[in-house]
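A short write-up of the structure that comes next.
Worth saying up front: this structure is predicted, and the values here are computed from it rather than measured. Each chain gets a letter, A, B and so on, in the order the sequences are listed, and its residues count up from 1.
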2 protein chains.
Amino acid sequence: MQTKLWTISELASELGMTTRAIRFYEDKGLLTPQRVGVNRVYNYQDRARLKLALRGKRLGFSLGEIREFLELYQLDMTKVPQMQFLLTRVQDKTNQLRRQQEDLAAMLQELEALEVECQDILRQQLKH
Amino acid sequence: MQTKLWTISELASELGMTTRAIRFYEDKGLLTPQRVGVNRVYNYQDRARLKLALRGKRLGFSLGEIREFLELYQLDMTKVPQMQFLLTRVQDKTNQLRRQQEDLAAMLQELEALEVECQDILRQQLKH
DNA sequence: GAATACATTGACGTTAACGTCAATAACAAT
DNA sequence: ATTGTTATTGACGTTAACGTCAATGTATTC
């Protein structure tokens, strides 16, 4: 079975980033695409990893954190000690994310209150 | 009535940051504390703004974005055109935050699935 | 009044995350 | 054969967000 492949500029334009950034991410260990000759070639999994990386960026994580995150998904799931380690790391991450969720919720609540306030004032003014 | 005041190093240690960072934020327009002689003095509102700024940082916003955010809270609520502008800006921000919330939820879901997977495997292994 | 503690401004250094060339190679189309 | 497109590596530049001195000032304590 032939799986779909992408060139670097295809991926870049699809995901709204530059080729430079993709190569940089590879430099930082987030990606390891195959090569055809000297050219990079990305498969479906590479693309998925890139998407995950971008999501991490949108959430404010550094490339180092994103790398750690991605590594969680490619450990050997058979060796017990590695599993123990992975489990605590995953739990750490989820805790961090839950704290972030609280921050987000608080910020949203305040903004929504401000929005209502704005609308009230505008309605008052427009009555005259 | 006397309101409580803080020195820069008090604020820094309370909020877990350096004095350098606080001065830097002032440089970027996030804060404008009063002075007693040459020394900076922070009131309750300054402190609240700093806390908001730190929350913004935890959510991955740049100091520029945080500044814009803080400015939403100190506009003149009486002038209609300013209100119109503020309202759309607030709505933009809340939309952005809602998208971020989706990203966060997705990430959390995947991690929680991974967590369950880990626990299953560990339980299997420990049965023997 | 000398030392200690905490403040100031100013300048330079640093790290992350790319942007921006430049030189070179492979390949396709004219 | 040359022009154009897309790729490569390498080097240097840039911005944000501080860190790290250094030189100086003021207030308190011994």
Per-nucleotide protein contact along nucleotides 4-15 of chain C, 5' to 3', at a 4.0 Å heavy-atom cut-off (B base, S sugar-phosphate only, - neither), is --SSBB------

Name the atoms and distances for all side-chain donor-acceptor pairs under 3.5 Å in residues 52-59 of chain B, with sequence neighbours left out.
residue : atom : partner  : partner atom : Å
B:Arg55 : NH2  : A:Glu110 : OE1          : 2.9
B:Arg55 : NH2  : A:Glu110 : OE2          : 3.0
B:Arg58 : NE   : A:Asp103 : OD2          : 2.7
B:Arg58 : NH2  : A:Asp103 : OD1          : 3.0
B:Arg58 : NH2  : A:Asp103 : OD2          : 3.4

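- Taking atom CZ of residue B:Phe24 and atom P of nucleotide D:dC18, one finds them 7 Å apart after rounding to whole Å.
- When the ring pair (Phe, Tyr, Trp, His ring centres under 6.0 Å) test is applied to B:Tyr25, no partner is found at least two apart in sequence or on another chain.
- There is no side-chain donor-acceptor pair under 3.5 Å between A:Arg89 and A:Gln84.
- Between the side chain of A:Glu65 and the backbone N or O of A:Ser62, at least one donor-acceptor pair lies under 3.5 Å.
- Contacts classified as side chain to side chain donor-acceptor pair (under 3.5 Å) and involving residues 28-43 of chain B (residues at least two apart or in different chains) are given here: B:Glu26-B:Arg40.
- Residues satisfying the salt bridge (Lys or Arg N to Asp or Glu O under 4.0 Å) criterion with A:Arg98, sequence neighbours excluded, are B:Glu112.
- We find that A:Lys79 and A:Asp76 are joined by a salt bridge, their nearest charged nitrogen and carboxylate oxygen being less than 4.0 Å apart.
- As rounded to whole Å, 11 Å separates atom C1' of C:dC18 from atom CG of A:Asp27.
- The separation between B:Lys28 atom NZ and D:dA16 atom C1' is 8 Å, rounded to whole Å.
- A:Gln125 contributes a side-chain N or O that, together with a main-chain N or O of B:Thr78, makes up a donor-acceptor pair within less than 3.5 Å.
- The side chain of A:Tyr25 contributes an N or O atom lying less than 4.0 Å from OP1 or OP2 of C:dC18.
- Within residues 44-66 of chain B, no residue has any heavy atom closer than 4.0 Å to DNA chain C.
- For B:Thr18 and D:dG19, the shortest distance from a side-chain N or O to OP1 or OP2 is below 4.0 Å.
- Rounded to whole Å, the distance from CD on B:Glu26 to C1' on D:dC18 is 15 Å.
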